[in-house]
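Okay, so here's the structure we're looking at.
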Amino acid sequence: MQEFYIGWMDKAPRTFAQFVKKYLLLILPVIIVIAVLLGALQKKFSKGNFEFGQPTTVTGIYFNHPVPLIKVINGKDIFGNISYITIPLVGYGKHGADGIISDIEKEKNISLDQKEVSLKGTLLYNDGKTIMQVDKNDTVLVHYSGKQIASELLPQKKDLGTLSIKGEIVDSKCYFGVMKPGEGKPHRDCAIRCILGGIPPVLVVKNEKGEANYYLLVDADGAKINQSVQPFVATPVTVNANAIQYDDWIVLYVNKNAGIREISRSAFYQPGNAVACVMR
Amino acid sequence: MSASYQAVGWNKQKKKYDWIIFSFCVVYLIVFIGVTAYVNPDYTFETVLVRSTSTLALLLLHVILSIGPLARINKKFLPLLYNRRHLGVTMFTVALVHASFGIFQFHALGNVNPLVSLFMSNTNYGSLADFPFQALGFFALIIFFLMAITSHDFWLHNLGPKVWKTLHMMVYPAYFLIIMHVMLGVIQYETNPVFVLILGVGSSTLIVLHLIAGTREVKKDNEEFGLKQDGFVMVCGVNDIEDNRAKMFCIDKERIAVFKFERKLFAVNNVCKHQNGPLGEGKIVDGCLTCPWHGYQYLPQNGQSPPPFKEKVSTYDVKVQGQNVWVNPKPYPEGTERKGANF
Amino acid sequence: MIKPLRKRHLQIWSMLAILLPVGIISAWLAIPRQAVDKTLQPAHVNALSVILKSYKKPGAEIVNIRISADSSASQLEWINEETVTSPSALIYQKQKDDNSENITDADLIGRIEARGTYYFPLKNESKNNQFHFVIYDIIHHQVIEKINF
């Protein structure tokens, strides 16, 4: 006589219990193997760092252009050249820093542009680039000097000519430390939200060796390009722009017409050589 | 059954079932998080949380969807089916953690409402590679939510088995949405073919199991009965049916279960009133036909659940001629007393 | 299950048997190739021809002291193979390994950022052919690494 299983009874019949036990013993290693494979085969997380909860005060010169940033002077090198690091500013959450800066300027009736300041914020950094998050709930402006700065401290600009360059547009805040990954399709919505919120868009360009360069994107007139990059975020694109070295950042002044094109999946590749790209 | 409702009618088996679900989930999470942290010391808690819960929910969904056909192919899987809804609610809870954290991480603290952001950030609905995959996950989660909140028998009873089953069959489109959510989302970035292979093996297993179980049922339904007489159809020999057991026959597109009990044969409609389980695969327990799915019971002679329960199924006339069993497929109203056939 | 439900199950799974592979394969084929292009930084500089001295930390950096053929000029070649994980990374040169964290009397050579090969002119090579470099984070005021060779 075959045993019969009834769920509301306290115990399952022996043959059923044994069968289920065997099934569970089979499925347990399968679950473990899946967990190991999924855990181990993820792409390497970036080495970015977000010093959440550890504010830092940096002193330097504030500039409004090309994006809100603070230029920290490190001193002079052995040949007497000024050494510096420029740190673009972003706001809290998915917001740019412009609002906070203009609020400070209105409230104190001052202009921060090209003035020496000490700003308190949270640093995030990756691969040699550093960004600072400033939060309107903090005292952002710790020190302000209304003095005119020496001309040698103004941005050193160098025209690098017109470029057509391939890469991926990311939001500078997530990419350089807040999110892992801060690039690619899974992060696309977040990157769009950050960029639409005013966080400077950055073009990440990687070479064959996987080494990367990061270029700030503005429109042909140097104004914000955030709204118009929305369809091109987190996907391979070609950017046609005038490149200007702006201290230690390269800024791409994106062409007015078809300045950014998505590199279509159907683009036909020959080894190392793109022979056709389809425009969106 | 239908007399009154408890949140969950706990018994030893149910507790054991839930403990096993819990421990398996914990094992998965520990291994996934441990391996990720070991291989990737630069991991962030948020990403590991989003990924560990998403992969666990997907794994659970595969287990859930395999139980139905497995139980139809081999009855020994029935203990997994009985409390399958606990697995479903667990899966929804895990998926909810994934979704809530994902929505917070990717859409909160921005310049629009996170739910608006979910649909308006990426509006590339016309492209495959750029498709807004998060929307797919969102709609699947809504389906899982509706299923989870209606998983209790209270809802089954109030919505009726047909509506309830239809609602719960939405899990299949939800499964498709989830697969595409994964393929058009994280797989566009995490391009290791092993991930696609694992997903492919999971989907293929489900497809094969469901098709095997489904085609077997079609064969059963299409069985032809040659001999007919005065509205009766000859279905089998008397000895083909075991004592206290039944055999199921599909006559005129209706499945009828013929039970042997105390040297008599009784015929009732095969469909249990609870969740449309197959009564013909049940057994007589304490003088009642007992459904193999959830143990709902009916008296063989009138198809009524013993008081205080109120479920009723149709009954049929059975007769025995020589050593052969004959059934009349014309149903009597649900709960009609029939005297059964002596042999 | 009732017959229409059984039929519906089979219909749905027959449909999924087509839709799932089509969905999975087309999504797989839609994965974009990562765009690759040449990088502009660090700016290209011609390396001096003779390597005077080398230091290598596998996976991290290769440091070469280069001089011109006539020894009139010297250069620091810094191949940065590892992602910088501090807010800034400045290279200072010290005359001796004084074991201190102090960089006030050290010479600032330059700054490294992304992975790549950097060249910095040096004033003159070390008198005793010993080189002492410090990688220093100017933002957090801390020594990241000391290299003596």
Side-chain angles (χ1 to χ4, degrees), chain A residues 46-49 51 56 58 72-79 81 83-85 87 123-132 158 160 163-168 184-185 204-215 235-239 243 245 248-250 262-265 267 269 272 274, chain C residues 26-44 74-76 78-95 103-118 120-124 135-142 144:
Chain A
S46 92
K47 290 194 173 293
N49 195 4
E51 296 183 342
T56 304
V58 293
V72 179
I73 309 298
N74 310 323
K76 287 186 175 176
D77 68 15
I78 46 173
F79 293 97
N81 302 313
S83 172
Y84 48 77
I85 169 168
I87 304 177
L123 295 172
L124 51 110
Y125 39 87
N126 186 19
D127 205 17
K129 291 293 185 201
T130 299
I131 309 277
M132 188 159 89
K158 185 179 166 193
L160 302 176
L163 295 177
S164 177
I165 194 157
K166 289 194 278 290
E168 179 181 324
K185 182 79 185 282
V204 179
V205 176
K206 288 184 180 162
N207 65 15
E208 302 276 356
K209 287 191 269 182
E211 296 164 353
N213 271 184
Y214 309 103
Y215 308 128
T235 189
V237 289
T238 303
V239 174
Q245 170 104 35
D248 49 356
W249 279 88
I250 289 174
E262 189 172 358
I263 302 171
S264 161
R265 181 65 186 83
Y269 271 67
Chain C
S26 45
W28 175 251
L29 294 176
I31 295 173
R33 285 187 193 87
Q34 192 163 38
V36 172
D37 214 323
K38 63 176 192 297
T39 46
L40 303 175
Q41 290 175 314
H44 178 76
S74 63
Q75 184 185 51
L76 172 67
W78 195 288
I79 304 170
N80 179 31
E81 295 180 327
E82 198 178 31
T83 304
V84 171
T85 54
S86 54
S88 66
L90 275 65
I91 302 170
Y92 285 85
Q93 186 176 19
K94 285 190 164 187
Q95 288 311 311
I103 48 116
T104 46
D105 58 347
D107 293 328
L108 175 56
I109 304 296
R111 176 177 157 219
I112 50 167
E113 298 185 53
R115 287 181 297 142
T117 305
Y118 294 79
F120 306 101
L122 291 176
K123 264 200 166 157
N124 40 33
I135 317 278
Y136 191 79
D137 172 17
I138 199 93
I139 303 289
H140 286 325
H141 306 288
Q142 58 192 14
I144 301 165

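Sequence lines set the chain letters: A, B, ... in the order given, protein chains first and strands last, and positions in each chain run from 1.
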Between S86(C), S88(C), P42(C), which residue shows the highest count of heavy-atom pairs closer than 4.5 Å to chain A?
-> S86(C)
Of the backbone (N, CA, C, O) and the side chain (C-beta and beyond), which part of A89(C) lies under 4.5 Å from a heavy atom of chain A, both, or neither?
-> neither
From L90(C) atom CG to D77(A) atom CG, the distance as rounded to the nearest 0.5 Å = 10.0 Å
Results of side chain to side chain contact (heavy atoms under 4.5 Å, CB included) for S164(A) - residues two or more places apart only = T238(A), N240(A)
In terms of heavy-atom pairs under 4.5 Å, which option from V84(C), T39(C), T83(C) contacts chain A the most?
-> T39(C)
May I ask you to check whether over 12 heavy atoms, not counting those of K47(A), lie within 6.0 Å of atom NZ?
-> no
Side-chain contact test, heavy atoms from C-beta onward, threshold under 4.5 Å: evaluate it for D248(A) versus R111(C) and give yes or no.
-> yes
Of the backbone (N, CA, C, O) and the side chain (C-beta and beyond), which part of K76(A) lies under 4.5 Å from a heavy atom of chain C, both, or neither?
-> backbone
Between OH on residue Y214(A) and CG on residue L40(C), distance to nearest 0.5 Å | 13.5 Å
Between Y84(A) and chain C, which part of the residue has a heavy atom less than 4.5 Å away: side chain, backbone, both or neither?
-> backbone
Listed partners of E211(A) passing salt bridge (Lys or Arg N to Asp or Glu O under 4.0 Å), at least two apart = K209(A)
Please name the pair of heavy atoms, one in R33(C) and one in P236(A), separated by the smallest distance, quoted to 0.1 Å.
-> O-CG, 3.3 Å
Nearest heavy-atom neighbours spanning Y125(A) and P87(C) | CE2-CG, 3.5 Å
Under a 4.5 Å heavy-atom cut-off, does chain A meet the side chain of F120(C), its backbone, both or neither?
-> neither
Where is the tightest heavy-atom contact between L108(C) and S83(A), given as atom of each residue plus distance?
-> CD2-CB, 3.4 Å
Roughly how far apart are N213(A) CG and K38(C) NZ, rounded to 0.5 Å?
-> 11.0 Å
If every non-hydrogen atom of L123(A) is compared with every non-hydrogen atom of H140(C), which pair is closest and at what distance?
-> CD1-CE1, 3.8 Å
Please look at I109(C) and chain A and tell me whether the side chain, the backbone, both or neither of the residue comes under 4.5 angstrom of a heavy atom of that chain.
-> both
CG (D137(C)) and CG (N74(A)) are apart, to the nearest 0.5 Å, by 9.5 Å
Option that, when pairs with chain C are counted at under 4.5 Å, heavy atom only, ranks first among L124(A), I165(A), D127(A) | D127(A)
May I ask you to name which of N126(A), N81(A), I250(A) has the most heavy-atom pairs under 4.5 Å with chain C?
-> I250(A)
Heavy-atom pairs under 4.5 Å with chain C are the metric here; pick the option from I78(A), T130(A), V58(A) that has the most.
-> I78(A)
Which atoms of L163(A) approach chain C - backbone, side chain, both or neither, heavy atom under 4.5 Å | side chain
